[in-house]
Structure formats: structure tokens, C-alpha cells
Amino acid sequence: MSERIPGQVVAAHGRQYMVELTGGETLLCFPRGKKSDIACGDRVEISRPAKDQGAIEAITPRSSLLYRSNEYRQKLIAANVSQVLIVVATEPGFSFELVCRTLVATQDQGVAARIILNKCDLADKIAPARQALAPFVALGVPVLELSALHGAEALRPLLAGHTSLLVGQSGMGKSTLVNALIPEARAATREISEALDSGKHTTTHARLYHLDPAKPEAGDLIDSPGLQDFGLQHLSRSDIEHAFAELAPHLGQCRFRDCRHDREPDCALRSALEAGQIDPRRWAVFRTLYQSASS
């Protein structure tokens with residue numbers, strides 16, 4: 001058996017992976033077998049049957065895994081992240097539901113979350129964006145306002161010591177933010193894109209960058225493709241209930257133990273909603289997720 005070499009997946013595209021070895025060398029690798037469940041950020045063990053190519057033999061146990069799922073398939077986003085940065089912007093408008101769903105995913109994995117409100121140089125657009133984010137602020141989710149074009153450095157101190165994942169819809173400015181913090185990311189992205197044969201659409205795969213390769217404590221940043229939805233089919237109804245922080249004081253207080261929080265009498269959650277203790281928009285997202293979740 002050939003020697004196994006430790007490494008970290010720094011780019012994932014289909015069944016092709018760029019793995020960074022100790023010392024900074026990157027190697028194009030492929031998984032063993034037909035099924036691939038490897039994510040950007042995974043720490044792996046590889047063999048090297050050829051000088052310019054490797055085979056992924058094993059995945060080291062993960063501290064976290066963020067992924068999307070529907071009734072047909074699942075899509076891995078990133079592994080071993082300690083912080084998720086949800087990037088929204090003053091324009092174009094962002095999806096309230098997508099932010100909710102991302103927060104549910106982070107809560108389920110025990111990963112810290114922070115919202116980045118980008119394009120705050122558009123002063124006349126800030127107030128409506130703040131209003132849209134108010135329910136999250138009320139729950140204690142930190143929000144950092146900045147302009148990726150002029151003030152990205154405000155984010156750098158919050159990245160130290162973390163492997164941070166950037167998520168958000170297309171057009172929110174994630175790539176601009178990455179390039180402002182890590183100027184060499186443009187060249188790295190082109191290099192990876194050529195190696196993975198993914199053409200000019202460089203945001204079709206997740207990519208991990210070191211904020212300062214000479215200082216590991218500076219943290220790592222994973223940029224992910226723009227999201228239009230965030231399926232959570234893999235979560236149970238109990239998972240969904242416990243992922244909405246505002247529901248916690250009311251769980252277990254319904255008259256019926258198997259309450260579905262719909263039309264049952266004396267539903268504690270609906271009573272809290274009617275009393276103004278739960279934001280109606282958050283409740284609508286909860287109901288959508290709860291109804292489609294497995295029991």
C-alpha cells in the first residue's frame with residue numbers, strides 16, 4: 001500500500017478536488033469509488049499514484065458540515081467551518097427566507113453565524129435593509145455593515161482564528177469581498193479553475209483561501225457559489241423547532257405532545273405568535289420547513 005499523505009481540500013468541483021499538502025503544494029485529486037461525499041475544507045488522507053495526481057483515501061472526522069438537500073439529492077457546501085458569514089446587500093434585494101434557512105443550518109451544526117450587510121456606500125438604501133434585518137438583530141445575530149469596495153478591512157479582525165464560510169445569493173458582493181481581503185485570490189481562482197477545467201465560471205465551486213499563509217492564526221475564508229435556495233430536507237421536525245431560537249421558551253408547552261403548531265387548540269407557539277413574541281416572517285419560514293420535514 002502506498003503511503004498516505006495528509007492534506008486539506010481547498011477547492012471542490014464535481015468529482016475533482018484540489019488538495020493542499022503540507023508546505024503549500026496543491027494536487028488535483030479524485031475520490032475512490034463512484035460516490036463522492038467530500039467537501040471544501042475537508043481534511044483528508046491521499047495516496048499519490050502519479051506525480052501530478054492523487055487519490056483521496058479517507059476523510060478525517062469533521063467538526064461541522066454545511067450542506068443543502070431536497071427530496072432528491074444533497075449538495076455539500078463546506079466542512080470544518082467555525083463561522084458562517086451570510087452576505088446580503090443594500091441592493092439588489094435579498095431573500096429573507098434564505099437568511100432564515102442559513103441560520104437554521106448553522107444552528108443545527110453548532111456553528112456561529114454573522115450577517116454582513118454589504119454595499120453600505122449606497123446610503124439611501126441602508127434604512128430599508130436595516131428594517132429587513134431587524135428580526136435577526138432582535139434575536140442577537142451580529143450584523144456588520146460595510147462596503148466591500150471601500151471598507152472590507154473592517155471584517156478582517158472577525159476572521160482571525162476561524163475557518164469562515166461566505167454564503168449568500170449571487171450579486172451580494174461575496175467575490176468582491178474576497179478579492180478585497182485577499183488580492184491574490186484572483187490569480188488563485190484562475191489557476192484552480194484551469195486545473196478543474198471549469199472555464200470562466202470560477203464561482204461554480206467552493207474555494208478555501210488563507211488570509212495570511214505565513215500566519216495560520218489569521219484564519220481561512222471559504223467562498224461558495226451564489227445560492228438561490230437552501231434546502232433542509234435532511235432535518236427533522238424536532239431539528240427545525242430547536243433551530244429557531246425564539247421558539248425555545250415555548251417548546252413543550254402545547255396542550256398536545258404531538259402538536260403540529262397548526263390548528264390545534266392551546267398551541268403555545270401560535271399563542272406566542274399572536275402575542276407578538278415571534279416575528280410573522282420568521283414564523284412563515286418555520287411553518288414551511290416544519291411541514292416539509294420528516295417526523
Side-chain angles (χ1 to χ4, degrees), residues 5-13 17-29 38-46 54 59-60 62-66 77-87 106 109 111-121 142-168 172-196 202-226:
I5 306 166
Q8 183 177 29
V9 177
V10 295
H13 182 78
Y17 303 90
M18 291 302 298
V19 175
E20 183 180 82
L21 309 180
T22 303
E25 178 189 1
T26 57
L27 188 66
L28 181 62
C29 294
I38 303 161
C40 186
D42 264 327
R43 296 194 177 277
V44 296
E45 295 177 355
I46 70 163
I59 304 171
T60 301
R62 299 157 167 150
S63 61
S64 64
L65 178 64
L66 276 296
I77 301 173
N80 298 317
V81 303
S82 56
Q83 176 175 242
V84 172
L85 306 174
I86 306 168
V87 182
T106 62
Q109 287 294 302
V111 174
R114 184 182 297 271
I115 296 172
I116 309 300
L117 177 58
N118 191 20
K119 305 185 186 181
C120 285
D121 49 323
V143 176
L144 175 65
E145 299 180 359
L146 54 72
S147 165
L149 290 174
H150 312 293
E153 286 300 317
L155 181 57
R156 193 179 296 275
L158 303 176
L159 303 176
H162 284 284
T163 296
S164 302
L165 170 67
L166 286 177
V167 297
M172 296 294 114
K174 293 197 294 14
S175 296
T176 303
L177 199 54
V178 171
N179 290 330
L181 291 166
I182 314 167
E184 61 272 22
R186 292 185 182 89
T189 298
R190 283 196 300 272
E191 178 184 333
I192 293 294
S193 186
E194 290 170 6
L196 298 180
T202 54
T203 55
T204 59
H205 59 268
R207 175 70 167 98
L208 182 148
Y209 303 97
H210 304 301
L211 283 139
D212 186 342
K215 298 178 181 178
E217 67 274 13
D220 295 331
L221 191 61
I222 298 177
D223 188 18
S224 65

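FYI, side chains are in, hydrogens and waters are out, and symmetry mates aren't considered; it's all heavy atoms of this structure. Residue indices begin at 1 and follow the sequence shown.
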Task: Rounded distance (nearest 0.5 Å) linking atom NE2 of H210 with atom CG of L221 - done: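 Separation between the atoms: 11.5 Å.
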Open item on the list: Using 0.5 Å steps for rounding, measure from the CG atom of L28 to the OH atom of Y17.
Closed with: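 Between atom CG of L28 and atom OH of Y17 there are 11.5 Å.
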Which heavy-atom pair separates [X] from [Y] by the least distance, and what is that distance?
| X | Y | result |
| --- | --- | --- |
| P6 | L21 | O-CD2, 3.9 Å |
| A113 | T106 | CB-OG1, 3.8 Å |
| L65 | Q109 | N-OE1, 3.0 Å |
| L165 | S224 | CD1-CB, 4.1 Å |
| A206 | C40 | CB-CB, 3.7 Å |
| E20 | V10 | CB-CG1, 3.7 Å |

Task: R156 atom CZ: more than 12 heavy-atom contacts under 6.0 Å - done: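 Above 12, so yes.
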Validation row: [X], [Y] side chains within 4.5 angstrom (heavy atoms):
| X | Y | result |
| --- | --- | --- |
| L144 | L158 | yes |
| H150 | D121 | yes |
| D223 | Y209 | yes |
| T163 | I222 | yes |

Open item on the list: I need the single residue from V81, I86, L85 that forms a side-chain contact (heavy atoms from CB on, under 4.5 Å) with L166. Which is it?
Closed with: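 When V81, I86, L85 are each tested with L166, the side-chain contact (heavy atoms from CB on, under 4.5 Å) holds only for L85.
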TODO: Mind checking side chain to side chain contact (heavy atoms under 4.5 Å, CB included) for I59 and listing every partner two or more places apart, or none if nothing turns up?
DONE: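 Scan of I59 (side chain to side chain contact (heavy atoms under 4.5 Å, CB included), adjacent residues dropped) gives D37, I38, D42, V44, R62.
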